[in-house]
Amino acid sequence: MKQYKLTIISLIVIAVVLVGFFVVSSVMDKDDGNEVAVPTKDIETESVFGFSSISEIQSYESNIVDDIKLERDSSGNWSCSTYEDIKLYAAGINTALSSVRSCMAAVVYQGEITDEVIKNYEISRTQHIKVTLKDGTVYTLRFGMQKPGEAMYFAAVEEKGKVYLINSTYKNAATLTKENLLYTQIFSFNDKGKIKNIEVHKKGEMFMSLTSKFTEESRTWTMKYPLERPCDDSYVEEVINSVTSIFTAEYIEGDCEDLSKYGLDNPAYFLKLTDNKGSQTLSIGNRIPEGGQFYCVFGGDNNVFTIAMESVAFTDDSVIKYMNANIFNRMYTVLESIKVEITCGDINENFTMGFDIWEDGEQLYFNGNPLADNNATIKAFRRLNTAVYSLDLVGLEPEPETKGELLIRITYTMSADGEVVVVEGYRNDETTMSLYENGKYCGGYDYIRQITGENNSYGIMGTLENFKTTSGMK
């Protein structure tokens, strides 16, 4: 008896699966009469809602996620009859309505929306998005079944007599929620960890370009403009966290035809972030008369908002803040030796630092002599090592037409393969020196005081004197 029951249940399951298969097939493969099948990739898309500006919208309704009923008064202000107790955030509403306006999809059926069409595409009879324009035109969008195996949904607009195939991105964007009434986030990346490029313009001129390389465990950044150098990864990540947390403050004007009155025709600051799906942008213009906020547009639209000045404090950063300004960036553990030659004014000094490092220990050398295992001496040696490593870019400028006198040459020799890296500083003026790596200009300068400075400021000469005194070599 038990085996007989199992057989009956199995037959019922098979029957249900077959019925489901033929129902889906009838929807996907119909091509008789007006019931057109799913479009090919070559079929063009069109605007689902037939308006070009959000200023044309009189009201919006949706009951798909939250029950939203928005109405615009004669002054252009929004009210929501379903959430009367919350203060509406016009910026969020207008940004969401811009997504409604931008909703594009392919037509899969055109004709009367009959009960049979509703049944075939499983169009909802209860859930809807309804947009009413100021001229009385109404568009009611109702979603139906999902296309098997794809993030696409059938949806009908009865007033247009059309069934569309809409991707899930447009579906979600056109569906306003309570969250849209409260605030708007400028950048809406699903995963900020996948951002791979950052581009910044100031007053229409390229200011900075960064690109990243991903590994299984991390993301490393490289500056491509104004010069090619490794970035300070921790600072770049800090800025990304700040940027992706920016929210609009106030809504100013929709579909603005004259951005110049807000300083947005040639924005003071333009930021473009790119991930594996595309790019998102933010343009920042003038400060508002009352202060504390900037005008901005984002997402490619001409809808003007404001953002808090403190939320974009990073816009004042110099390029150097984003880069790893150290000319030599490798750990001392890969070194065999460092040779330092100084010919700066009255200073004429040469010395070498040696490194013999193994799995559980090390032997350090100065001018070929092994250092005693003395904490004070080792500490002073490491301080000198830090000072030598501290030839940094403190400012950027074009390469001088002619090199000044050579002030310092540091030769780093690697232990593994004997590779040599030579860092040089040539006098630029009375206080600065231009930096070169293996004969190539590094794009900027450091202060000469990095050579001549005292021990407490990690100057090379100061830390050298400190080491000699501490180790008893002086």
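Here the closest heavy-atom approach between residue Gly292 and residue Glu310 is recorded as O-OE1, 4.3 Å. Residue Ile327 comes nearest to Glu437 through the heavy atom pair O-OE1, 3.7 Å, listed as atom of the first residue, atom of the second, then distance. Among all heavy-atom pairs drawn from Ile57 and Arg72, the shortest one is O-NE, 2.8 Å. Of all the heavy atoms in Met145 and Asn120, the pair that sits closest is SD-O, 3.9 Å. Of all the heavy atoms in Glu84 and Ser81, the pair that sits closest is CG-O, 3.5 Å. The two residues Tyr426 and Glu424 have their closest heavy-atom pair at OH-OE1, 3.3 Å.
Residues Asp73 and Ser79 form no side-chain contact, since every pair of their non-hydrogen atoms from C-beta on lies 4.5 Å or further apart. The side-chain heavy atoms of Leu133 and Gln58, taken from C-beta on, include no pair separated by under 4.5 Å. Inter-residue side-chain proximity for Ser124 and Phe143 is flagged as unmet; no heavy-atom pair is nearer than 4.5 Å. Two residues are said to be in side-chain contact when any heavy atoms from C-beta on lie closer than 4.5 Å; Leu181 and Leu70 meet this criterion. Put simply, the side chain of Glu158 does not reach to within 4.5 Å of the side chain of His128, judged on heavy atoms. With contacts defined as side-chain heavy-atom distances shorter than 4.5 Å, the pair Lys162/Gln110 qualifies. For the pair Arg125 and Ile118, the minimum side-chain heavy-atom distance is below 4.5 Å. Ile307 has its side chain within reach of Ile284: a pair of non-hydrogen atoms, C-beta onward, lies under 4.5 Å apart.
Side-chain contact annotation: Asn276 with Lys196, donor-acceptor N/O pair under 3.5 Å absent. Looking only at atom types and distance, the side chain of Asp135 has a donor-acceptor partner in the side chain of Thr137 under 3.5 Å away. Side chain to side chain, Asp258 and Ser260 meet the donor-acceptor criterion of an N or O pair below 3.5 Å. One side chain, Asn303 or Ser98, offers a donor N or O that lies under 3.5 Å from an acceptor on the other. No side-chain N or O of Glu253 forms a donor-acceptor pair with one of Tyr295 less than 3.5 Å apart. Side-chain polar atoms of Asp232 and Ser234 form a donor-acceptor pair below 3.5 angstrom. With 3.5 Å as the limit, one finds no donor-acceptor pair spanning the side chains of Thr222 and Glu228.
Taking the centre of each ring, Phe298 and Phe305 come in below the 6.0 Å mark.
Within the 3.5 Å criterion, the main-chain N or O of Ala308 finds a donor-acceptor partner in the side chain of Ser311. With Asn324 contributing its side chain and Asn326 its backbone, the two residues share a donor-acceptor pair below 3.5 Å. At least one donor-acceptor pair under 3.5 Å links the side chain of Asp233 to the backbone N or O of Trp221. Of the possible polar contacts, one joining the Gln185 side chain to the Thr244 backbone as a donor-acceptor pair under 3.5 Å is found. Between the side chain of Gln450 and the main chain of Ala387, a donor-acceptor pair closer than 3.5 Å is present. The backbone N or O of Ile68 lies less than 3.5 Å from no partner atom in the side chain of Asp66, so there is not a single donor-acceptor pair.
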| said: Let's go through Leu141 and Ile166 carefully: what are the C-alpha distance in whole Å and the side-chain angles of both, what is the deciding distance for side chain to side chain contact (heavy atoms under 4.5 Å, CB included) to 0.1 Å, and is it a yes or a no? | reply: CA-CA 11 Å; Leu141 178 67; Ile166 299 178; 4.2 Å; yes
| message | Applying side chain to side chain contact (heavy atoms under 4.5 Å, CB included) to Lys261 and Cys256, what does each step give before you reach the verdict? | response | CA-CA 10 Å; Lys261 59 186 177 181; Cys256 178; 4.0 Å; yes
| request: Kindly indicate, with the supporting measurements, whether the criterion side chain to side chain donor-acceptor pair (under 3.5 Å) is fulfilled by Ser53 and Asp255. | output: CA-CA 7 Å; Ser53 170; Asp255 297 315; 2.3 Å; yes
| message | With side chain to side chain donor-acceptor pair (under 3.5 Å) as the criterion, how do Glu159 and Thr140 come out once you've worked through the C-alpha distance, each side chain's angles and the decisive distance to 0.1 Å? | response | CA-CA 7 Å; Glu159 292 87 353; Thr140 306; 2.8 Å; yes
| request: Start with the C-alpha distance between Tyr170 and Val48, add both sets of side-chain angles, then the distance that settles side chain to side chain contact (heavy atoms under 4.5 Å, CB included), and finish with yes or no. | output: CA-CA 10 Å; Tyr170 279 128; Val48 174; over 6 Å; no
| task | Could you walk me through whether Val157 and Ile113 pass side chain to side chain contact (heavy atoms under 4.5 Å, CB included), step by step? | result | CA-CA 8 Å; Val157 179; Ile113 306 298; over 6 Å; no
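Between Tyr269 and Phe314, the two ring planes are perpendicular [angle over 60°; tilted spans 30° to 60°]. Taking the six-membered ring where tryptophan is involved, the planes of Tyr332 and Phe355 are tilted, since the angle between them lies from 30° to 60°. The aromatic rings of Tyr389 and Phe328 sit perpendicular, their planes meeting at an angle over 60°, well past the 30° parallel limit.
A ring-ring contact (aromatic ring centres under 6.0 Å, His included) check over residues 47-87, counting only residues at least two apart or in different chains, returns nothing.
In this structure, CG on Leu273 lies 7.0 Å from CD1 on Ile240, to the nearest 0.5 angstrom. Expressed to the nearest 0.5 Å, how far CE of Met433 lies from CG of Asn428 amounts to 10.5 Å. For the atom pair CG of Leu210 and OG1 of Thr274, the computed distance is 11.5 Å after rounding to the nearest 0.5 Å. The CD atom of Glu419 sits 12.5 Å away from atom CD of Glu336, with the distance rounded to the nearest 0.5 Å. Rounded to the nearest 0.5 Å, atoms CZ (Phe154) and NZ (Lys147) are 7.0 Å apart. One finds the CG atom of Asp446 at 7.5 Å from the CG atom of Leu393 (value rounded to the nearest 0.5 Å).
We find that Arg219 and Glu237 are joined by a salt bridge, their nearest charged nitrogen and carboxylate oxygen being less than 4.0 Å apart. With salt bridges taken as basic N to acidic carboxylate O contacts below 4.0 Å, one links Arg382 and Glu362.
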Per-pair distances, 0.1 Å, donor-acceptor, side chain in residues 198-209, under 3.5 Å, sequence neighbours excluded:
residue, atom, partner, partner atom, Å
Glu199, OE2, His201, NE2, 2.6
Lys202, NZ, Thr315, O, 3.0

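Considering Lys69, Lys130, Gln127 in turn, Gln127 is the only one that fulfils the side-chain contact (heavy atoms from CB on, under 4.5 Å) rule with Asn63. With respect to Val297, the side-chain contact (heavy atoms from CB on, under 4.5 Å) criterion is satisfied by exactly one of Val304, Thr281, Leu282: Val304.
Heavy-atom contacts from other residues, nucleotides or ligands closer than 6.0 Å to NZ of Lys194 number 12 or fewer.
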